[in-house]
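Residue numbers begin at 1 in each chain, while the letters A, B, ... track the order of the sequences.
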Amino acid sequence: TEKKQEPKKQRENSLRKGESKRDILEESLGSVMEGIREENGAGERKNCEVRQGKAKEGSSSTRERADEKEKQKKGRGEKRKKVKMEGEEKEGRKKLKKEKKVEEKQKLVRLGEELEVGDGAKEDEGGKGVKEEEMDEQGEDKACGQIQSMETEEKEVGKGDVLGKKQKTKEKKIKRRAKRKRPQRKPRKENPRMMERRITIRRWEEEKTNDGVKWKQLEHKGPYFVPLYEPLPDDVQFYYDGKPLKLSLATEEIATFYAKMLDHEYTTKEIFQNNFFNDWRKEMTPQEQEIIKQLDKCDFREIHKYFVDKNEARKALSKEEKQKLKEEADKIQEEYGYCILDGHREKIGNFKIEPPGLFRGRGNHPKMGMLKRRIMPEDVIINCSKDSKIPEPPVGHKWKEVRFDNTVTWLASWTENIQNTLKYIMLNPSSKLKGEKDWQKFEVARRLKDVVHKIRAQYQADWKSKEMKVRQRAVALYFIDKLALRAGNEKEEGETADTVGCCSLRVEHIKLHPELDGQEYVVEFDFLGKDSIRYYNKVSVEKPVFKNLQHFMKNKDPGDDLFDHLSTTALNKHLQKLMDGLTAKVFRTYNASITLQEQLKALTNPDDSVAGKLLSYNRANRAVAILCNHQRSTPKTFEKSMQNLQTKIDAKKEQLEKAQQELEEAEDEFKDKKNAKAEWRDMCPGFEQLAKLSVQATDKEENKQIALGTSKLNYLDPRISIAWCKKFGVPIEKIFNKTQREKFAWAIDMTDEDFEF
DNA sequence: CAATGTACTTAGGACTAGTATG
DNA sequence: CATACTAGTCCTAAGTACATTG
């Protein structure tokens with residue numbers, strides 16, 4: 001528990017740390033960035049140039065940052081309110097819906113067996129292709145027209161902006177309605193159920209096609225439930241107002257959740273305390289409610305100590321006992337951790353039901369401290385195949401439902417009570433199912449490579465469109481492409497931490513500088529993105545983008561949406577027209593992978609040692625992580641371990657020097673000095689070791705606040721790395737650890753050294 | 001069309017096991 | 001052999017995307 005305390009500050013840090021992080025980053029990455037910049041100079045992407053700028057600028061002060069945040073809060077206020085349905089009502093609706101869905105599915109199955117449907121489906125398919133083409137053309141024509149008329153329309157757009165302010169929602173509605181009238185395509189949007197049906201039928205005809213169906217056979221044991229609460233021993237007491245108070249079992253359990261976190265910074269936060277106390281009181285008996293009225297009169301310290309001690313005791317266990325514990329865990333893993341999917345035994349990702357506890361949101365989460373209740377079998381929906389051995393619920397219990405839905409990949413699900421959303425039990429990334437999906441993802445990104453030039457040309461043209469909507473879309477897309485921003489779905493206010501992505505950027509998140517440090521048209525971004533990680537960047541943009549942004553921001557409050565005529569749905573709809581399967585997030589994947597490939601090309605020196613090559617690889621990887629803003633808090637032990645490494649290096653150096661001296665002395669006795677020295681150098685392993693160490697040190701320093709894992713795992717086409725390994729004779733194990741190799745088995749299987757993303 | 005719901009990917013930090021080190 | 005230190009694993013929150021509903 002002692003150790004656990006430390007992390008408490010980290011989140012807070014990472015919000016503020018941005019600036020210093022950047023500074024350091026820039027410094028250490030200078031060389032890498034330099035390279036990137038050159039690379040990109042010729043091409044369309046100038047990310048890295050941008051990054052450089054950012055690096056130099058680096059820092060608004062921490063104070064500035066805090067002020068900003070304050071402002072944000074004020075600016076937003078009551079705007080953007082959204083009414084949430086009350087829980088019960090919601091529940092009811094959900095249930096109804098589910099019933100309907102099941103019904104529908106059953107109907108589908110029946111329908112699917114009739115050939116008639118198949119014929120219809122085929123026709124559909126043919127028609128679809130044609131329509132798509134037509135649409136593409138249409139889109140292009142439109143764009144052309146817009147370019148021509150753009151200059152004259154400039155003013156009007158400005159006006160629209162003024163309007164946009166408070167009634168923007170209204171305006172939005174109206175505009176959309178107007179837009180809809182235009183002779184757009186007929187809603188080719190077919191019912192996805194129909195699609196599924198069609199596909200099912202096609203499967204009979206041609207062995208393998210795209211799916212709605214994810215499996216034919218699925219058998220598993222159901223999720224593993226963590227043990228029930230064990231009451232505290234009698235000598236461990238809770239005190240209220242200084243006096244010991246015996247709590248009811250349920251109340252005590254929740255008290256232990258809080259007690260365990262006592263030395264975590266969370267528990268000092270007001271929101272956390274309030275949320276916890278609120279939820280706790282709800283679970284108390286009337287008598288307890290009568291007594292326990294103030295959290296600050298509650299004394300959990302004895303309970304806390306109990307758990308600290310317990311933890312210590314566990315650590316101090318003998319080898320045999322630890323071994324035994326491990327074996328038990330393995331047994332559970334063995335029993336619950338696997339399923340059978342289409343005849344193959346596959347590892348499950350998360351087979352354990354999440355234990356109850358206090359919700360720990362990230363960043364400034366309004367729900368932190370709320371009680372995450374215990375999930376019982378009665379809450380869990382099981383999904384498996386009809387003819388499989390249906391999992392047994394724990395004795396005395398039953399499942400909420402057992403369904404046989406082979407159009408989804410999850411094995412079990414339940415609704416979590418904090419945000420009222422679904423949680424799933426799914427397969428491990430090493431599974432065939434996930435692997436294929438992963439592969440598919442990168443194939444989509446590779447297809448983007450072929451059309452990205454066209455798309456870029458198009459959005460650049462669209463910056464001058466007469467339509468506000470189109471302009472905003474074009475600017476947003478530019479950001480997504482150039483800066484690898486996330487799409488930025490809308491979020492319910494008050495339900496989650498206040499974070500944004502591209503489409504949900506607000507006026508307060510950017511600053512415009514017509515000129516800054518010798519660069520023109522600089523946009524300064526400062527916002528909290530996913531997981532409340534700060535994105536801070538200064539980017540020099542093209543003039544039209546800058547002008548557009550000025551327009552978008554005109555007469556708006558800081559808390560207003562920057563792109564008030566744009567939603568992720570609209571953006572993605574547009575992208576879908578440009579390329580099949582294209583969505584905003586594909587740009588992140590594409591740009592990440594292509595950057596890795598380019599960087600590897602630029603940085604790898606075939607004559608380097610393996611260690612040197614690995615450094616290059618890590619640098620390329622790092623460039624991507626920076627692009628995607630994948631940060632981590634500096635490891636707790638960073639300074640120390642850095643020092644250790646330095647000591648080692650120094651020691652090695654000294655040792656070598658000494659050896660050298662000795663050699664020289666000895667040499668005096670020989671004539672052929674030169675030769676001997678060179679030989680000695682070649683033979684002495686010390687030099688190589690020293691080189692290796694210093695490479696290690698560099699790498700470590702550069703990596704201080706950058707997380708490489710996320711991009712490696714999610715954004716970089718593994719085939720690029722594998723091809724690189726093969727080409728330069730680097731063992732794959734140096735790049736991918738065991739888990740990663742399992743996850744990327746599909747790629748390891750199929751890739752040779754010529755692979756090009 | 002907005003609000004709601006579902007399924008799946010992406011994310012950082014906590015935790016742990018196992019190795020290196022003293 | 002105990003301890004220190006990572007690298008790897010686990011955990012689950014927080015996104016994206018798209019379907020459904022009213």
Pair A:Arg588 + A:Asp481: basic N to acidic O under 4.0 Å: no

Taking the minimum atom-to-atom distance to the side chain of A:Ala487, which one of C:dT16, B:dT9, B:dA11 wins? C:dT16

A:Phe527 vs A:Tyr535 aromatic rings, parallel, tilted or perpendicular, using cut-offs 30° and 60°? parallel

Mind checking if A:Gly361 touches a base, just sugar-phosphate, or nothing, with heavy atoms under 4.0 Å? sugar-phosphate

In whole Å, what is the span from the OH atom of A:Tyr266 to the P atom of B:dG13? 10 Å

Using whole Å, what does the distance between atom C1' of nucleotide C:dG8 and atom CZ of A:Arg632 come to? 13 Å

Please list, by residue number, the residues of residues 734-747 of chain A whose heavy atoms come closer than 4.0 Å to an atom of DNA chain C; answer none if no residue qualifies. A:Asn737, A:Thr739

Out of C:dG15, B:dT10, B:dC8, whichever nucleotide has its closest atom nearest the side chain of A:Lys491: C:dG15

What nucleotide, of C:dG15, C:dT12, B:dC8, holds the atom closest to the side chain of A:Lys423? C:dT12

Under the rule for ring pair (Phe, Tyr, Trp, His ring centres under 6.0 Å), what residues qualify as partners of A:Phe225, not counting sequence neighbours? none

Under the ring pair (Phe, Tyr, Trp, His ring centres under 6.0 Å) rule, collect the residues that match up with A:Trp215, sequence neighbours excluded. none

Could you state the CE-P distance from A:Met261 to B:dG13, rounded to the nearest angstrom? 15 Å

Quick check for you: among B:dG12, C:dA13, C:dA17, whose closest atom lies nearest to any side-chain atom of A:His630? B:dG12

C:dC10 C1' sits how many Å from A:Leu427 CG, rounded? 17 Å

Scan A:Lys322 against the nucleic acid and name what it touches under 4.0 Å (heavy atoms): base, sugar-phosphate only, or nothing. nothing

Would you mind telling me which of B:dT10, B:dA7, B:dG12 lies closest to the side-chain atoms of A:Thr710? B:dG12

Measure from the side chain of A:Thr499, starting at C-beta and using heavy atoms only, and say which of C:dC18, B:dT6, C:dG15 lies closest. C:dG15

Figure out the CG/P separation between A:Leu713 and C:dG8, and round it to whole Å. 12 Å

5' precedence on DNA chain C between A:Pro355 and A:Cys502 (nearest-nucleotide basis): A:Pro355

Would you kindly give the OH-to-P distance between A:Tyr224 and C:dC11, to the nearest whole Å? 11 Å

Contacts of type side-chain hydrogen bond (donor to acceptor under 3.5 Å, both in side chains), residue A:Asp379, not counting sequence neighbours: A:Arg373

Have a look at A:Ala497 and say if it touches a base, only the backbone sugar-phosphate, or nothing, with a 4.0 Å heavy-atom cut-off. nothing

Which of B:dT10, C:dT12, C:dT16 is nearest the side chain of A:Lys530? It is B:dT10

Any base atoms under 4.0 Å from A:Tyr424, or only sugar-phosphate, or nothing? Heavy atoms, all strands. base

Pairwise side-chain contact, A:Lys372 with A:Pro356, heavy-atom cut-off 4.5 Å (strictly under): no

Residues two or more places apart in sequence or in another chain: which of them pass ring pair (Phe, Tyr, Trp, His ring centres under 6.0 Å) with A:Phe736? A:Phe744

A:Asn406 side chain vs A:Lys214 backbone, donor-acceptor pair below 3.5 Å: no

Take atom CD of A:Glu492 and atom P of B:dT4, then tell me their distance rounded to the nearest Å. 6 Å

Atom-to-atom span, CD of A:Glu354 to P of C:dA14 - whole angstrom: 12 Å

Aromatic centroids of A:Tyr338 and A:His220 separated by under 6.0 Å: no

Phosphate OP1/OP2 of B:dT10 contacted by A:Lys585 side-chain N/O (<4.0 Å): yes

Tell me if a side-chain donor or acceptor on A:Lys367 pairs with a main-chain N or O of A:Asn275 at a distance below 3.5 Å. no

Protein N or O to nucleotides 18-22 of chain B N or O, pairs below 3.5 Å:
none

Tell me whether the OP1 or OP2 atom of B:dG13 has a side-chain N or O from A:Ser633 closer than 4.0 Å. yes

Counting only side-chain heavy atoms from C-beta out, which of B:dG12, B:dT9, B:dC8 sits nearest to A:Ala707? B:dG12

Identify which nucleotide among C:dC11, C:dC18, B:dG12 has an atom closest to any side-chain atom of A:Asn572, counting heavy atoms from C-beta outward. C:dC18

Indicate, with a heavy-atom threshold strictly under 4.0 Å, whether A:Gly709 touches base, sugar-phosphate, or nothing. nothing

If you measure from CG on A:Leu341 to OG1 on A:Thr409, what distance do you get to the nearest 0.5 Å? 9.0 Å

Hey, does A:Thr409 reach any base, or is it just sugar-phosphate, or nothing, if we go heavy atoms under 4.0 Å? sugar-phosphate

Side chain of A:His264 only, please: which of B:dA14, B:dC8, C:dA13 is the nearest? B:dA14

Quick check: on DNA chain B, is the nucleotide nearest A:Arg360 upstream (toward 5') of the one nearest A:Ser413, or the reverse? Name the residue that is more 5'. A:Ser413

